[in-house]
Amino acid sequence: MGLSRSSLASFLLLFLGLFVVDAQFVPALFIFGDSVFDVGNNNHLHTLIKANFPPYGRDFVTKQPTGRFCNGKLAADFTAETLGFTSYPQAYLSREASGNNLLIGANFASAASGYFDATANLYDAISLSKQLEYYREYQRRVVEIAGKSNASTIISGAIYFLSAGNSDFLQNYYIDPLLHAAYSFDSFSDILMQSYTNFIQGLYALGARRIGVTTLPPMGCLPAARTIFGLDGNDCVERLNNDAISFNNKLNATSQRLQNHLSGLILVVLDIYQPLFNLVTNGTANGFFEARRACCGTGLLETAILCNPLSVGTCANASGYVFWDGFHPSEAANNIIAQTLVASGISLIS
């Protein structure tokens with residue numbers, strides 16, 4: 001008999017708590033990537049890809065939109081809580097990312113960013129290369145706040161999370177006929193792998209030693225992807241899922257090579273494909289009753305500005321929905337995904 005959502009959460013939190021209370025393994029968290037992890041950086045950009053208005057954030061602790069692409073907490077928020085943080089690393093472009101708040105890390109993620117800088121540029125988001133520049137700036141600022149020795153301890157002992165790639169495909173490669181004609185999926189993936197390699201090497205050169213990178217999700221199961229690429233069918237788009245699996249295999253192989261060549265690096269690939277696929281295909285085991293449609297609006301397509309207070313059909317209770325909007329999981333799904341991420345990334349904190 002399978003564990004319920006609540007009992008699974010209790011078990012994993014108890015198990016992981018043994019590591020957290022023993023010592024403060026993680027002085028800070030640094031988060032990079034896209035909308036999966038963005039906690040409000042895009043609020044400060046001239047971009048349409050924002051989530052700083054209702055109904056986003058309606059189930060967050062403040063009951064207010066924050067810029068998170070969710071009804072509540074992201075997987076990164078739950079992960080921070082599990083690791084013993086009492087507050088979340090702030091969006092780096094926000095006013096709150098200053099003073100002592102910087103001592104627990106910072107969040108540089110930007111919705112619609114990706115491994116491919118052109119993807120971020122297309123949507124006026126913060127590219128990974130720019131996020132790395134902001135991290136260099138962060139290091140200078142934290143030295144001024146805490147001193148060189150304390151800053152070095154924070155930087156070397158921190159955990160670094162990265163989530164990217166989804167926007168490169170769903171918001172760029174698959175919808176740009178010129179890009180699609182110029183590159184096969186395999187060759188485009190190779191370009192992204194080179195960008196990923198450059199980013200990890202850049203982080204490593206700046207002192208990062210414990211890095212977790214998420215895989216692509218089952219792209220063909222996202223509500224908007226089913227609507228756009230699956231002729232509005234109810235089944236996941238197998239072609240897109242196969243592409244995600246292929247990319248994830250490259251990500252694993254590339255990560256292994258990087259870890260072998262960069263002394264002292266712990267680089268862990270955190271699988272979100274299978275946990276999310278399990279929720280989509282067998283959500284009832286975890287208390288979910290809707291996996292095809294998202295909560296916001298019709299649930300078939302809406303995200304960002306299309307998910308707004310006037311979106312007709314938005315559900316009253318998102319806890320039974322795997323997805324909040326057309327591309328992003330609900331808080332309830334993020335909670336389960338986060339438990340899986342921390343459990344699979346235990347080598348980062350032990």
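- Phe85 meets the ring-ring contact (aromatic ring centres under 6.0 Å, His included) test with no other residue; sequence neighbours excluded.
- Across all non-hydrogen atoms, the minimal contact from Ala91 to Ala97 is O-CB, 3.4 Å.
- Applying the side chain to side chain contact (heavy atoms under 4.5 Å, CB included) criterion to Asn150, with sequence neighbours excluded, gives Ala146.
- Relative orientation of the Phe108 and Phe30 rings is parallel, given thresholds of 30° and 60° on the angle between their planes.
- Note: Tyr92 and Tyr134 have tilted aromatic rings, judged against thresholds of 30 and 60 degrees for the angle between ring planes.
- The number of heavy atoms from other shown groups lying within 6.0 Å of NZ (Lys63) is above 12.
- No donor-acceptor contact under 3.5 angstrom links the side chains of Ser263 and Arg209, judged on distance only.
- Taking the centre and axis of the six-membered ring of Tyr160, the NZ or CZ atom of Arg210 falls outside the cone set by 45° and 6.0 Å.
- Each of Tyr115, Phe199, Phe161 was scored for a ring-ring contact (aromatic ring centres under 6.0 Å, His included) with Phe32, with one residue passing: Phe199.
- Taking CG from Leu74 and CG from Asn334, the interatomic distance works out to 6.0 Å, rounded to the nearest 0.5 Å.
- Residue pairs meeting the salt bridge (charged side-chain N to carboxylate O under 4.0 Å, His left out) criterion with at least one member in residues 187-200, sequence neighbours excluded: Asp190-Lys250.
- In the hydrophobic clustering of this structure, Ile336 groups with Ile272; members are Ile, Leu, Val, Met, Phe, Trp, Tyr whose side-chain heavy atoms approach within less than 4.5 Å, directly or through other members.
- Put simply, CD1 on Ile31 and OG1 on Thr79 are 8.0 Å apart, with the number rounded to the nearest 0.5 Å.
- Atom CG in Leu251 sits 7.5 Å away from atom CG in Leu216 (nearest 0.5 Å).
- Screening residues 300-311 for side chain to side chain donor-acceptor pair (under 3.5 Å), with sequence neighbours left out, gives Thr298-Glu302, Thr303-Asp325.
- One side chain, Thr119 or Asn172, offers a donor N or O that lies under 3.5 Å from an acceptor on the other.
- Donor-acceptor pairing under 3.5 Å is lacking for the side chains of Asn41 and Ser110.
- Heavy-atom minimum distance, Gly67 versus Asn43: CA-OD1, 3.4 Å.
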**Request:** Start with the C-alpha gap between Thr197 and Gln194, add the side-chain angles, then the distance that decides, and say whether side-chain contact (heavy atoms from CB on, under 4.5 Å) holds.
**Result:** CA-CA 5 Å; Thr197 297; Gln194 186 57 58; 4.2 Å; yes

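- Side chain to side chain, Asn252 and Gln256 fail the donor-acceptor criterion of an N or O pair below 3.5 Å.
- In this structure Ala51 satisfies the side chain to side chain contact (heavy atoms under 4.5 Å, CB included) test together with Tyr56, Phe69, sequence neighbours excluded.
- What you find for Ala225 and Leu240 is that their closest heavy atoms are CB-CD2, 4.1 Å.
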**Request:** Could you go through the side-chain contact (heavy atoms from CB on, under 4.5 Å) check for Asp176 and Leu122 one step at a time?
**Result:** CA-CA 11 Å; Asp176 184 342; Leu122 187 63; over 6 Å; no

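- When ring centroids are compared, Phe188 and Tyr173 come within the 6.0 Å threshold.
- The ring of His328 has its center no closer than 6.0 angstrom to the ring center of Phe323.
- If you check the side chains of Gln131 and Tyr135, you find no donor sitting under 3.5 Å from an acceptor.
- Counting only N and O atoms by type, the side chains of Asp34 and Ser113 include no donor and acceptor under 3.5 Å apart.
- Sorted by first then second residue, the salt bridge (charged side-chain N to carboxylate O under 4.0 Å, His left out) pairs that include residues 135-144, not counting sequence neighbours, number zero.
- In this structure, CZ in Arg292 is found 4.0 Å from OG1 in Thr227, a value given to the nearest 0.5 Å.
- Evaluation of the salt bridge (charged side-chain N to carboxylate O under 4.0 Å, His left out) test over residues 87-113, restricted to residues two or more places apart or in two chains, returns none.
- Under the 4.5 Å side-chain contact rule for hydrophobic residues, Leu279 and Phe277 do not share a cluster.
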**Item:** Worked check of side-chain contact (heavy atoms from CB on, under 4.5 Å) between Leu162 and Leu203
**Value:** CA-CA 11 Å; Leu162 168 64; Leu203 265 187; over 6 Å; no

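- Side-chain N/O atoms of Asn317 and Ser319 include a donor and acceptor closer than 3.5 Å.
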**Request:** Could you check Asn335 against Glu331 for side-chain hydrogen bond (donor to acceptor under 3.5 Å, both in side chains), going step by step and ending with a plain yes or no?
**Result:** CA-CA 6 Å; Asn335 191 7; Glu331 179 183 72; over 6 Å; no

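- The list of salt bridge (charged side-chain N to carboxylate O under 4.0 Å, His left out) pairs with a residue in residues 110-131, not counting sequence neighbours, reads Lys130-Glu133.
- If you take SG on Cys70 and CG on Asp77, they are separated by 8.5 Å, rounding to the nearest 0.5 Å.
- Residues satisfying the side chain to side chain contact (heavy atoms under 4.5 Å, CB included) test with Ala112, not counting sequence neighbours, are Ile49, Tyr123, Ala125, Gln171.
- Residues passing the salt bridge (Lys or Arg N to Asp or Glu O under 4.0 Å) test with Glu290, sequence neighbours excluded: none.
- Ring to ring, Tyr183 and Phe116 are not that close: their centroids are 6.0 angstrom or more apart.
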**Asked** Where do Leu276 and Val322 land on the side-chain contact (heavy atoms from CB on, under 4.5 Å) test, with the steps shown first?
**Response** CA-CA 8 Å; Leu276 187 53; Val322 174; 3.9 Å; yes

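- Evaluation of the disulfide (SG to SG under 2.5 Å) test over residues 260-300, restricted to residues two or more places apart or in two chains, returns Cys295-Cys315, Cys296-Cys307.
- Inter-residue side-chain proximity for Leu300 and Pro223 is flagged as unmet; no heavy-atom pair is nearer than 4.5 Å.
- Taking Asp243 as the reference, Tyr174, Phe185, Met219, Arg239 meet the side chain to side chain contact (heavy atoms under 4.5 Å, CB included) condition, with sequence neighbours excluded.
- Atoms CG and CG, on Leu170 and Leu222 in that order, are 6.0 Å from each other to the nearest 0.5 Å.
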